[in-house]
Amino acid sequence: MSRTVLRGRVFSFLRAPQDLDDRDSYVYLEDGAVAIEGGRIVSVGDFASADLADATIIDHRPHLIVPGFIDLHLHYVQSQMMASYAGSLLEWLNSYTFVEEQKFSQQGHAEAVAADFFDNLIRHGTTTAVAYCSSHPRSVDAFFAEAERRNMLMVGGKVMMDRNAPAHLLDTAQSGYDDTKALIARWHGRGRAHYAISPRFAITSTPEQLEMSRALVAEHPECYVQTHLGENDAEIAFSMELYPNAPDYTGIYEDYGLLGPKTLLGHCIHLNHRETAVLAETGAVAVFCPTSNLFLGSGLFDRERLAKAGVRLGLATDIGAGTSFSMLRTMDEGFKVQQLRGQRFDPLASFHMATLGNAEALGLAGRIGSIAPGRDADLVVLDARATPVMRMRMATAETLIEELFLLQTVGDDRAIAEVYVSGARAKSTLGGL
Ligand code: GUN
Ligand code: ZN
């Protein structure tokens with residue numbers, strides 16, 4: 001089996017950092033060697049002591065080798081409708097999203113969008129994403145087939161939605177169940193594919209559909225569950241009208257047995273004390289989507305309150321309400337949201353969240369999210385001097401922390417020098433932009 005050794009500055013977390021001085025929370029090697037064989041990392045250490053016998057050496061100095069970024073919530077079927085002008089969530093959904101997603105019933109459309117979508121993930125350094133597909137099973141087939149072609153670890157699922165959207169987008173409680181069962185059988189556990197049972201949100205699912213979702217979750221504890229929660233005031237009010245017996249929005253999903261450690265809840269901005277406690281108790285993950293929350297004016301995620309209550313957290317772009325595929329841009333906007341809340345979100349915390357933190361949220365920290373022997377070789381090479389402005393600022397940067405903060409504050413896809421997926425070069429083989 002051929003062996004590749006990447007040489008460069010290596011940075012990877014061991015656990016969540018407590019603060020900026022928490023040097024023990026990560027590994028940093030000034031001149032490191034990451035050895036890869038058969039798509040896996042086999043050793044990590046100083047280059048000077050690396051076993052280089054029969055190895056192909058790729059020298060990435062002076063760049064920083066970090067784990068591939070993980071995006072915990074996005075809609076691949078909304079790739080072509082980013083930057084659609086609207087005032088708030090429900091207007092945006094009705095004016096553009098539900099129109100766009102209908103295109104996925106057409107032969108060939110999903111395949112074309114999926115190819116572009118994965119190219120863009122790679123360009124931005126994202127090696128794993130958790131995606132909503134459209135309500136059409138073929139959109140899920142296209143998603144996982146493209147991921148498989150690229151050997152990428154992906155999580156995805158067909159959105160189930162049986163009301164409050166155009167007829168061409170709707171399934172029924174029964175067809176949503178049947179299609180989801182067939183897709184799980186076809187894809188879950190095949191190569192690097194993981195299925196997410198995906199009732200879109202309470203507004204677009206009847207009680208019958210949430211009942212069917214409960215059955216799916218009970219029958220498939222191996223799968224993830226994803227939905228939206230507490231994003232917007234009008235969304236919450238409408239949800240409570242539709243489910244008048246629930247104590248609150250979270251209570252709707254709770255009543256249908258949808259909350260657990262494999263549940264990923266997009267947004268979680270507007271949650272009361274009880275809801276926060278329920279998330280902490282069930283181990284469900286609250287996914288922070290800063291560029292989307294700012295774009296739709298949804299509100300400011302209260303990271304500190306949720307973390308203090310013991311809620312597990314994740315970070316995501318939420319394409320297409322999100323405004324960038326880049327997890328660097330996402331960290332930057334996340335930092336600004338926390339600033340407006342009077343809270344700190346330091347660069348160690350944000351880099352942790354985009355790598356090991358999100359891997360832990362998926363329960364996949366043994367496979368992805370860090371650079372250590374036995375992990376899948378999904379890696380990103382970061383160039384903190386990628387643009388003239390970055391070069392100018394790097395001339396005065398003296399510490400790793402300054403470099404990380406610069407990367408997240410002004411970095412984007414230009415700062416992604418190379419991406420490795422399962423040990424193979426992925427960005428430089430994409431061709432031109
Ligand atoms: N809530 C239900 N569907 C969606 C969606 O597609 N995007 C966002 N941001 N929120 C949602
Ligand atoms: Zn979403």
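Remember, it's 1-based here, ligands and their atoms both numbered in the order they're listed.
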Heavy-atom donor-acceptor pair, Y132 side chain to T227 backbone, under 3.5 Å: yes
Side chains of Q107 and R138, donor plus acceptor under 3.5 Å: yes
Part of L93 within contact of ligand 1 (heavy atoms, under 4.0 Å): side chain
Polar contact flag for W92 and ligand 1 (N/O pairs, less than 3.5 Å): no
Of the listed options H228, H73, E100, R200, closest to atom 6 (O) of ligand 1 (non-hydrogen atoms): R200
Residue from K427, R425, R123 passing salt bridge (Lys or Arg N to Asp or Glu O under 4.0 Å) with E418: R425
Atoms of ligand 1 close to H75 [distance to a heavy atom under 4.0 angstrom, numbered from 1]: 5 (C), 6 (O), 7 (N)
Lys/Arg-Asp/Glu bridge criterion (N-O < 4.0 Å) met for R15, D22: yes
Polar side chain donor-acceptor pair, D171 to S135, under 3.5 angstrom: no
For E231, atoms of ligand 1 separated by under 4.0 Å from a heavy atom: 1 (N), 8 (C), 9 (N), 10 (N), 11 (C)
Structural part of E235 in contact with ligand 1, heavy atom criterion under 4.0 angstrom: neither
R192 versus S422, side-chain donor and acceptor atoms under 3.5 Å: yes
Ligand 1 N/O within reach of T97 N/O, cut-off under 3.5 Å: no
Sequence-distant partners of T317, side chain to side chain donor-acceptor pair (under 3.5 Å), two or more places apart: D71
With Y177, the side-chain hydrogen bond (donor to acceptor under 3.5 Å, both in side chains) member among E211, E208, E219, Q209: E219
Short N or O distance, E101 and ligand 1, threshold 3.5 Å exclusive: no
Neighbouring protein N, O or S atoms of the Zn ion (ligand 2), below 2.8 Å: 4
Minimum side-chain heavy-atom gap S324-D412 below 4.5 Å: no
Pair T206, R163: side-chain N/O donor-acceptor within cut-off below 3.5 Å: no
Residue of the set T126, L382, L407 for which side-chain contact (heavy atoms from CB on, under 4.5 Å) holds with I416: L382
T204 and ligand 1 - part of the residue with a heavy-atom distance under 4.0 Å: neither
Proximal atoms of ligand 1 relative to F201 (non-hydrogen, under 4.0 Å): 1 (N), 2 (C)
